Amino acid sequence: QMRLVESGGRLVLPGGSLKLSCTASGGDFATYGMGWFRQAPGKERSFLAAISWNDGRNSLKYYDDAVKGRFTISRDNSKNMVYLQMNSLKPDDTAIYYCAAQKWTPRYYSKYASLNEYGIWGQGTQVTVSS
């Protein structure tokens, strides 16, 4: 089974930027659509961003309205990595951020934001936005 490990979370000032990384191992990374989710204290885990199996300019990207225009998801299949560039961070972005994988099928076009469709998860990385 493919394994995912997130990294890059830390304390950051409001308005600042941060780039998270997710490293995959033990599987065919390029056969999975990838997603980022987050969970704040007292709230359910929610969809953040997703990217189709391919990398480069032709990859399909999806974002939750809360982060669209501020966050950018990308992947590098040659390195088995997924990234989340976060800009203009706000205090309510504070959460544990999770990387997740969903085996690629045409269903991904409609299931990219569905928590239950992702079968592989990382351990999470804490992002805290505070002054």
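Only heavy atoms go into these numbers, but all of them, side chains included; no hydrogens, no water, no symmetry mates. Predicted model, so just to flag it, every value in this text is computed and none were measured.
Side-chain contact between Q102 and K111 is present, with heavy atoms from C-beta onward closer than 4.5 Å. Looking at heavy atoms from C-beta onward, V127 lies in side-chain contact with L18 at the 4.5 angstrom threshold. At a threshold of 4.5 Å between non-hydrogen side-chain atoms, the residues F29 and V82 count as touching. Within the 4.5 Å cutoff, the side chain of L13 has no heavy atoms near those of the V129 side chain.
In terms of heavy atoms, M81 sits closest to S21 at CE-CB, 3.7 Å. In this structure, A95 and Q126 approach most closely via the heavy-atom pair O-NE2, 3.4 Å. Here the closest heavy-atom approach between residue G33 and residue R75 is recorded as CA-NH1, 4.1 Å. What you find for S59 and I51 is that their closest heavy atoms are OG-CD1, 3.7 Å.
For S52, the side-chain hydrogen bond (donor to acceptor under 3.5 Å, both in side chains) partners two or more places apart in sequence, or in a different chain, are N54. Every ring pair (Phe, Tyr, Trp, His ring centres under 6.0 Å) that F37 has, sequence neighbours left out, goes to F47, Y118, W121. Under the side chain to side chain contact (heavy atoms under 4.5 Å, CB included) criterion, Q85 pairs with S17, K19, T72, N87, not counting sequence neighbours. With sequence neighbours excluded, the residues that form a side-chain hydrogen bond (donor to acceptor under 3.5 Å, both in side chains) with R107 are E117. Here S78 pairs with D76 under the side-chain hydrogen bond (donor to acceptor under 3.5 Å, both in side chains) rule; sequence neighbours left out.
For residues 25-74, the set of pairs meeting the disulfide (SG to SG under 2.5 Å) definition, not counting sequence neighbours, is empty. Applying the ring-ring contact (aromatic ring centres under 6.0 Å, His included) test to every pair with at least one member in residues 58-90, sequence neighbours left out, gives these pairs: Y62-Y112. Counting only residues at least two apart or in different chains, disulfide (SG to SG under 2.5 Å) contacts with residues 78-117 comprise C22-C99. Screening residues 6-17 for salt bridge (Lys or Arg N to Asp or Glu O under 4.0 Å), with sequence neighbours left out, gives no hits. Identified under the disulfide (SG to SG under 2.5 Å) test for residues 27-68, with sequence neighbours left out: none. Residues in residues 30-40 take part in these side chain to side chain donor-acceptor pair (under 3.5 Å) pairs, two or more places apart or across chains: T31-K103, R38-D93, R38-Y97, Q39-R45. Applying the disulfide (SG to SG under 2.5 Å) test to pairs two or more places apart or on separate chains, none has a residue in residues 102-131.
Residues Y98 and L20 do not share a hydrophobic cluster, defined by chaining ILVMFWY side chains whose heavy atoms lie under 4.5 Å apart. Residues L84 and L4 fall within the same hydrophobic cluster, defined by Ile, Leu, Val, Met, Phe, Trp and Tyr side chains chained together at heavy-atom separations under 4.5 Å. A single hydrophobic cluster is seen to contain both V12 and V67, as judged by linkage of ILVMFWY side chains at heavy-atom distances under 4.5 Å, directly or through other members.
Heavy-atom contacts from other residues, nucleotides or ligands closer than 6.0 Å to NZ of K79 number 12 or fewer. A 6.0 Å sphere centred on CG of D92 holds more than 12 heavy atoms belonging to other residues, nucleotides or ligands.
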Worksheet item: Given the rule in the side chain to side chain contact (heavy atoms under 4.5 Å, CB included) test, do W53 and M34 qualify, once you have shown the distances and angles that lead to the verdict?
Response: CA-CA 7 Å; W53 68 269; M34 301 297 298; over 6 Å; no

Practice prompt. Mind running side chain to side chain contact (heavy atoms under 4.5 Å, CB included) on L60 and Y108 for me, showing each step along the way?
Written response: CA-CA 10 Å; L60 300 177; Y108 191 79; over 6 Å; no

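Here the CG-CG distance, from D64 to L48, works out to 7.0 Å after rounding to the nearest 0.5 Å. Annotation: the span from Q123 atom CD to I96 atom CD1 amounts to 10.0 Å, rounded to 0.5 Å. Atom CG of N80 is separated from atom CG of D28 by 8.5 Å, given to the nearest 0.5 angstrom.
Within the 3.5 Å criterion, the main-chain N or O of T128 finds no donor-acceptor partner in the side chain of T94.
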